[in-house]
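Worksheet: one structure, shown below.
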2 protein chains.
Amino acid sequence: MARAGLTGEVVVDLALEVVDRDGPDGLTLAAVAKLATVATPSLYKHVAGLPELRTLVGVRVMDELTERVTAAVLGHGGVAGLERFMRAYRSYVADHPRRYAAMPQRPSDDPRWAAASDRLVGVLFAQLDGCGLTGSAAVDRARAIRAAVHGFATLEAAGGFQLAEDVDASYRHLTELLTAGLR
Amino acid sequence: MARAGLTGEVVVDLALEVVDRDGPDGLTLAAVAKLATVATPSLYKHVAGLPELRTLVGVRVMDELTERVTAAVLGHGGVAGLERFMRAYRSYVADHPRRYAAMPQRPSDDPRWAAASDRLVGVLFAQLDGCGLTGSAAVDRARAIRAAVHGFATLEAAGGFQLAEDVDASYRHLTELLTAGLR
DNA sequence: ACTCCTTGGCTAAGCATGTTAGCTTTTTGG
DNA sequence: CCAAAAAGCTAACATGCTTAGCCAAGGAGT
């Protein structure tokens, strides 16, 4: 039997494909194996099991998101940079709602997850530093922005904003509130 | 065999007990049945299946939350009322982190869920109305507050705020940003 | 080119869960 | 007091995760 040429990376690639197609709950080893035209147990040569695969998918998504916001922010400081950060964050979720939903909500003690999270938070802190915010003021503002952006994206992807009012406008309003008092 | 005296309500009660003990992923028909000292299929006399049970749990949690914030807000209008709303929301999540995490993120087209969600949002709109906000301004502000509060609670419950800085202070800061410009 | 070892695939089997079907017993209403 | 509805049960099946152990493909060293 010719080999399938799987690696850990490829398995995560296929897992993302499954998530895009079937949603976070559709991510199952059986589905990934089918996509790889491989028997389910074969995946264990590349991944420790379903929980690990979920973690790896989460890390991948977080890194994609970090890449997107980093690109959006390069060369732009101050409030304009923060606005770009927030816009890029939401645009990633809009483009990949199921991937974003596949990110674990639970406390994962996995160091790879913590590292990926730190990378994203690092970008935000850099922008805040560029606005003259440091120390606990920066921490407070970073937490506010993270919470708001994550919450907005989650609710929007879940179809939580039912009213007719323009959601883009609401997001701009949120951005204004969160950048208040910054230069 | 003496009957167990189950009803739909009782099954949801037990499900909440399981969620508090084992987390959202631990919510399984088998676990609930064990707690009820009943065979798993017996639950189907009271609940259509696991997806329905999850929905019912979510509705119950949302209603508990609505009750909590309503009690906190009664008799308090203006910015003070909004502050109480936000404080009460976070305190519920702090008291029942696993229940809150058990609320479905996905678009559930269940009308009971939509109704429960409307009840909570209704409280928020009433408070904003008391602050003189109506129309699209109220919608924008309500979306901002919902997103921020939900995101903050989610991240905090997930252990997302690792830095040493006081999380209470960060939440007060977030509250200030979101009530800016209101009376 | 041959051998050997690592690697990546396989099948078989076990366990947990959700779900359906169909039976029995308890309760309740007339 | 009886009949019907309601609430429990066991049996059986499907799907999914996981472990164990086997076998072939492919490369490294001689």
Side-chain angles (χ1 to χ4, degrees), chain A residues 1-60 98 101-102 104-106 108-110 113, chain B residues 1-60 98 101-102 104-106 108-110 113:
Chain A
M1 163 110 30
R3 294 216 175 169
L6 291 184
T7 68
E9 289 298 303
V10 173
V11 171
V12 175
D13 289 344
L14 295 173
L16 282 178
E17 209 172 311
V18 171
V19 167
D20 284 339
R21 198 189 55 200
D22 301 334
D25 287 355
L27 176 55
T28 149
L29 290 182
V32 174
K34 185 167 196 177
L35 210 57
T37 27
V38 139
T40 307
S42 303
L43 296 177
Y44 284 78
K45 297 288 180 178
H46 307 284
V47 153
L50 185 58
E52 152 126 331
L53 180 57
R54 288 218 184 95
T55 298
L56 293 175
V57 165
V59 169
R60 174 76 72 86
R98 307 185 132 157
Q105 315 287 350
R106 227 75 48 60
S108 165
D109 48 0
D110 192 291
W113 171 258
Chain B
M1 165 113 21
R3 291 213 177 169
L6 291 184
T7 68
E9 289 299 301
V10 172
V11 170
V12 175
D13 289 344
L14 296 173
L16 282 178
E17 209 172 313
V18 171
V19 167
D20 284 338
R21 198 189 55 200
D22 301 334
D25 287 355
L27 176 55
T28 155
L29 290 182
V32 173
K34 185 169 196 177
L35 209 58
T37 25
V38 139
T40 308
S42 304
L43 296 177
Y44 284 78
K45 296 289 179 179
H46 308 284
V47 153
L50 185 58
E52 151 126 329
L53 179 57
R54 288 218 182 95
T55 297
L56 293 175
V57 165
V59 169
R60 174 77 71 83
R98 307 185 130 157
Q105 316 289 349
R106 225 79 46 61
S108 164
D109 49 358
D110 192 291
W113 172 257

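Chain naming here is simple, since letters A, B, ... match the order of the sequence lines and numbering starts at 1 in each. All of these numbers come straight from a predicted model, not from anything done at the bench.
Mapping A:K45 and A:T28 onto DNA chain D by nearest heavy atom places A:T28 closer to the 5' end of the strand.
A:L53 places its CG atom 14 Å from the C1' atom of D:dG16, with the value rounded to the nearest Å. Taking atom CG of residue B:L43 and atom P of nucleotide D:dG8, one finds them 9 Å apart after rounding to whole Å. Atom NZ in B:K34 sits roughly 19 Å away from atom P in D:dG8 (whole-Å rounding).
Looking at heavy-atom distances under 4.0 Å, B:A30 makes contact with sugar-phosphate atoms alone, never a base. Using a 4.0 Å heavy-atom distance criterion, B:S42 is classed as a base contact.
Residues meeting the salt bridge (Lys or Arg N to Asp or Glu O under 4.0 Å) test with A:D22, sequence neighbours left out: none. Every side-chain contact (heavy atoms from CB on, under 4.5 Å) that B:A30 has, sequence neighbours left out, goes to B:T28, B:T40. Residues meeting the side chain to side chain donor-acceptor pair (under 3.5 Å) test with B:D25, sequence neighbours left out: A:R106. A:E17 meets the side chain to side chain donor-acceptor pair (under 3.5 Å) test with no other residue; sequence neighbours excluded. Shown here are the side-chain contact (heavy atoms from CB on, under 4.5 Å) partners of A:A36, two or more places apart in sequence or in another chain: A:L6, A:L14, A:V38. Taking the side chain to side chain donor-acceptor pair (under 3.5 Å) definition, one finds that B:D13 meets it with B:R60, sequence neighbours left out. Checked against side-chain contact (heavy atoms from CB on, under 4.5 Å), B:L50 has the following partners two or more places apart in sequence or in another chain: B:L29, B:R54. By the side-chain contact (heavy atoms from CB on, under 4.5 Å) test, A:T7 is found to be paired with A:E9, A:V10, residues two or more places apart in sequence or in another chain being considered.
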Show each protein N/O and nucleotides 19-21 of chain C N/O combination with a separation under 3.5 Å, one pair to a line.
residue, atom, partner, partner atom, Å
C:dT19, OP2, B:Y44, OH, 2.8
C:dT19, OP2, B:L50, N, 2.9
C:dT19, O5', B:Y44, OH, 3.0

Distances under 3.5 Å between protein N/O atoms and the N/O atoms of nucleotides 4-6 of chain C, please, pair by pair.
none

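Rounding to the nearest 0.5 angstrom, the gap separating the CG atom in B:L56 from the CG atom in B:D110 is 7.5 Å.
Residue A:H46 places at least one side-chain N or O under 4.0 Å from the OP1 or OP2 atom of C:dG9.
Sorted by first and then second residue, the salt bridge (charged side-chain N to carboxylate O under 4.0 Å, His left out) pairs involving residues 37-52 of chain A (not counting sequence neighbours) are A:E52-A:R112.
The minimum heavy-atom distance between A:P24 and A:R98, with the atom names listed, is CG-O, 3.9 Å.
For DNA chain D, none of the residues of residues 4-21 of chain A falls under the heavy-atom distance limit of 4.0 Å.
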